[in-house]
K.L.:
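Please find one structure pasted underneath; my questions will follow.
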Protein chains: 2
Amino acid sequence: MKTNVTMKDIAEKLKVSSVTVSKALNDKDGVSDELKEKIKALADKMGYRYNTMAKSMKDGKSYNVCVIIPERFTGMTQSFYLKVYQSIAQKLEERGYYGIIHILPSDDEEGLKLPRIYHERRVDGFILLGQPSKEYIELMQSVDMPLVFLDFYDENADVDAVITDNFYGAYELTNYLIQAGHREIAYVGNLFSTSSIQDRFLGYYKSLLEHKIHLKQEYVISDRDDRGSFIEFDLPEALPTAFVCNCDQVAHLLMERLQKNGFKIPEDCSVVGFDNDIYATLTSPNLTTVEVDIDEMAKNAVKFICEKMDDETAAFGRVAVKGKIIYRDSVKRLSE
Amino acid sequence: MKTNVTMKDIAEKLKVSSVTVSKALNDKDGVSDELKEKIKALADKMGYRYNTMAKSMKDGKSYNVCVIIPERFTGMTQSFYLKVYQSIAQKLEERGYYGIIHILPSDDEEGLKLPRIYHERRVDGFILLGQPSKEYIELMQSVDMPLVFLDFYDENADVDAVITDNFYGAYELTNYLIQAGHREIAYVGNLFSTSSIQDRFLGYYKSLLEHKIHLKQEYVISDRDDRGSFIEFDLPEALPTAFVCNCDQVAHLLMERLQKNGFKIPEDCSVVGFDNDIYATLTSPNLTTVEVDIDEMAKNAVKFICEKMDDETAAFGRVAVKGKIIYRDSVKRLSE
DNA sequence: CTGAAAGCGCTTACAG
DNA sequence: CTGAAAGCGCTTACAG
């Protein structure tokens, strides 16, 4: 089987022009049905494979979308981002595009180096999955190319972003704790680390406010330093009855710590997480948490980037995708 | 900044030909140093970006290598495969290629559907990361394109494969247990599920043989059904003093089960795993296990695929990359 | 319904 | 050292 059959080869065998072959193979008008079938059959038989490069050249598009994931996110939440990518790739494919993962090395992030794929014009748009440094965000924005932020946003309002509804998710989860009779509720997370952690905190805080529960300073417990490395928790003297953790992994860490100190969960302390990732079912008891709607997020991100590639002026702003509370066994209903 | 500056644009401004610009930008002979510098400076100033598509068209290569990962592996060992991919992509880039992840949907695997990227000639070679069905392997082999298996192999000898040295790793680990005084050692894993599990079993068995320890039938404990889903362990009446698990996740599951039944680890039972993945440090105590040398595996896979793309006849056979035992706290030294 | 011509952006081989 | 010509595989716009 000859490995590089071209339209011209097919045309010659059939004594027609390659224009006609092109039309037939693309199901365009201007070829008789009979000829079209004949061409398709022969193409099949000859093992013809369409050469997208040629089309790319013609219309100056690569049909690639690059999904950039900062390296440091590939350790922590690896399963999550890979799943998101999978969903993105699938949805791009439905629109005739390819997804290309680019894991952004920390050095390149620091040195403000764009992926080579950009310099070689092999990409028509970027989806930035996971928050890089402020400087890198600015760099990406300065490049005149369709760009969508995914799973984070920036104070800069003029970029399109798809995020989970962190605020509302944490708000609902905290409401749930309060309905279960909890009043002493702590939040675990470094408020200055990422916008997700901050927004989840604010959702938690709103719930407290609505229920007229005072926010105690010592109930806001940091879980990591500003560079994102986890730190030892600084637990308050008097333990709260419940903890809202900014993510499942931290909930897992916290539960280990509490259990080591002799506390039972949920009997002595209730704990809730966020993300519904691998850590949520690794703990015992399993965690009540918020599940992110990965498919919906991917769907939006792909829709945005595709429409922006078609029309430079398209703009969508910030879209928050609602999550879903997964009720498990880490919360105790307090007697009133 | 004009977004699509071409060599011709640069040439016109400088009143030279685009051939000269091409030579200058590619650091080829045949341009005076002075002119070369001038061209490079102007290219920079005009924001010129090289168009690889054109080159691709010219020499009929896409400069893409597709890394296919069967979908079912993205759940289980997600972090591992993403790390492997990251390493592959980096090493490909050093050679002027791009890595493209294709997560193979189970439906496509079943329906023997090749990735679209193949049909569109956007790829020069495949790295198959993780073992798909026998039929899919045959399909991939029937396609006349450079192919390397990574992290598994097939009985079919004529394909190149890079694997971890499962046999030797399990052999060494079992030796270590025996040196620690263990004689009653079980193996946990379904021997008919994957070649990795089988080879690890054989390494374990070799160690027993060398030490003249009889292999008890009831000491080979299945951990999953033939489709890969974990099942409840069928523990023997009389517990062995040590378990060699085919992977960390199963070791984790086993430890949970043993601890639930009131056994202490490592006091009552020693447990070792394989992979050194997230599960190894999630257990308490942390697992003694074998760490896979991801970089070395990626390096070999990339070397093989690149040389095969250059020279169709290149062949490398099966290469096993040695792992490294990570000693932690899940093994007890028995008094002799 | 069918096809000749031109062009996408680059490179190779050759001539000067 | 420099460049005109041809070609990679396809598509678009136009003519018949």
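Quick caveat, the model's predicted, so the values are computed rather than measured. Convention: sequence-line order gives letters A, B, ...; per-chain numbering from 1.
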K.L.:
Side chain of A:N26: nearest nucleotide among C:dC10, D:dG9, D:dT11?
P.N.:
D:dT11
K.L.:
Find the distance B:M7:CE to C:dG7:C1' and express it as a whole number of Å.
P.N.:
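Whole-Å distance recorded here is 17 Å.
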K.L.:
For A:K28, report the nucleic acid contact type (base, sugar-phosphate, nothing); a contact means any heavy atom under 4.0 Å.
P.N.:
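Counting heavy atoms under 4.0 Å across all strands, the contact made by A:K28 is with sugar-phosphate only.
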K.L.:
Of B:M57 and B:V19, whose closest DNA chain C nucleotide lies nearer the 5' terminus?
P.N.:
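This one resolves to B:M57.
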K.L.:
Nearest whole angstrom, please: distance from the P of C:dC10 to the OH of B:Y63.
P.N.:
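Atom OH in B:Y63 sits about 15 Å away from atom P in C:dC10.
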K.L.:
Without decimals, in angstroms, what is the distance between A:I39 CD1 and C:dG3 C1'?
P.N.:
12 Å
K.L.:
Considering only NZ, NE, NH1 and NH2 on the basic side and carboxylate oxygens on the acidic side, decide whether B:K91 and B:E94 come within less than 4.0 Å.
P.N.:
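Looking at B:E94 together with B:K91, the answer is no, because their closest N to O distance does not fall below 4.0 Å.
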K.L.:
Establish, for the pair A:R122 and B:Y98, whether the NZ or CZ atom is under 6.0 angstrom from the six-membered ring centre and no further than 45 degrees off its axis.
P.N.:
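Pair A:R122/B:Y98 does not count as cation-pi.
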K.L.:
OP1 or OP2 of C:dG3 less than 4.0 angstrom from a side-chain nitrogen or oxygen of A:T20, does that happen here?
P.N.:
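Yes, A:T20 has a side-chain N/O under 4.0 Å of OP1/OP2 on C:dG3.
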K.L.:
Could B:K40 and B:D27 be called an ion pair, given the rule that one side-chain N must be under 4.0 Å from one carboxylate O?
P.N.:
yes
K.L.:
Tell me whether B:E109 is salt-bridged to B:R72, with the criterion being a basic N under 4.0 Å from an acidic carboxylate O.
P.N.:
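Looking at B:R72 together with B:E109, the answer is yes, because their closest N to O distance falls below 4.0 Å.
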K.L.:
Taking NZ from A:K58 and P from C:dC8, how many angstroms apart are they, rounded to a whole number?
P.N.:
8 Å
K.L.:
Categorize B:G30 for me: base, sugar-phosphate, or nothing, with a 4.0 angstrom heavy-atom threshold over every strand shown.
P.N.:
base
K.L.:
Reckon B:S32 has a side-chain N or O less than 4.0 Å from the OP1 or OP2 of D:dT2?
P.N.:
yes
K.L.:
Taking pairing as Watson-Crick or G-U wobble with both contacts under 3.5 Å, can you name the mate of C:dA4, or confirm there isn't one?
P.N.:
none
K.L.:
Distance criterion of 3.5 Å, no angle test: do you see the side chain of B:K23 paired donor-to-acceptor with the base of D:dG3?
P.N.:
yes
K.L.:
Would you kindly compare B:D59 and B:S17 by the position of their nearest DNA chain D nucleotide and give the one closer to the 5′ end?
P.N.:
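The answer here is B:S17.
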K.L.:
OP1 or OP2 of C:dC10 less than 4.0 angstrom from a side-chain nitrogen or oxygen of B:S22, does that happen here?
P.N.:
no
K.L.:
How long is the line joining CD of B:E120 and C1' of D:dG9, in whole Å?
P.N.:
14 Å
K.L.:
Any strand is fair game: report the nucleotide pairing with D:dA13 by Watson-Crick or G-U wobble, both distances under 3.5 Å, or none.
P.N.:
none
K.L.:
Measure the distance from CG on A:N51 to P on D:dG9 and round it to the nearest whole Å.
P.N.:
7 Å
K.L.:
Strictly below 4.0 Å, N to O, side chains only: are A:R116 and B:E93 in salt-bridge contact?
P.N.:
yes
K.L.:
Separation of A:D29 atom CG from C:dG3 atom P, in whole Å?
P.N.:
16 Å
K.L.:
For A:M53 and C:dT11, what is the distance between atoms CE and P respectively, to the nearest whole Å?
P.N.:
15 Å
K.L.:
Identify which nucleotide among D:dC1, C:dT2, D:dC10 has an atom closest to any side-chain atom of A:L35, counting heavy atoms from C-beta outward.
P.N.:
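Of all the options, the side chain of A:L35 is nearest to C:dT2.
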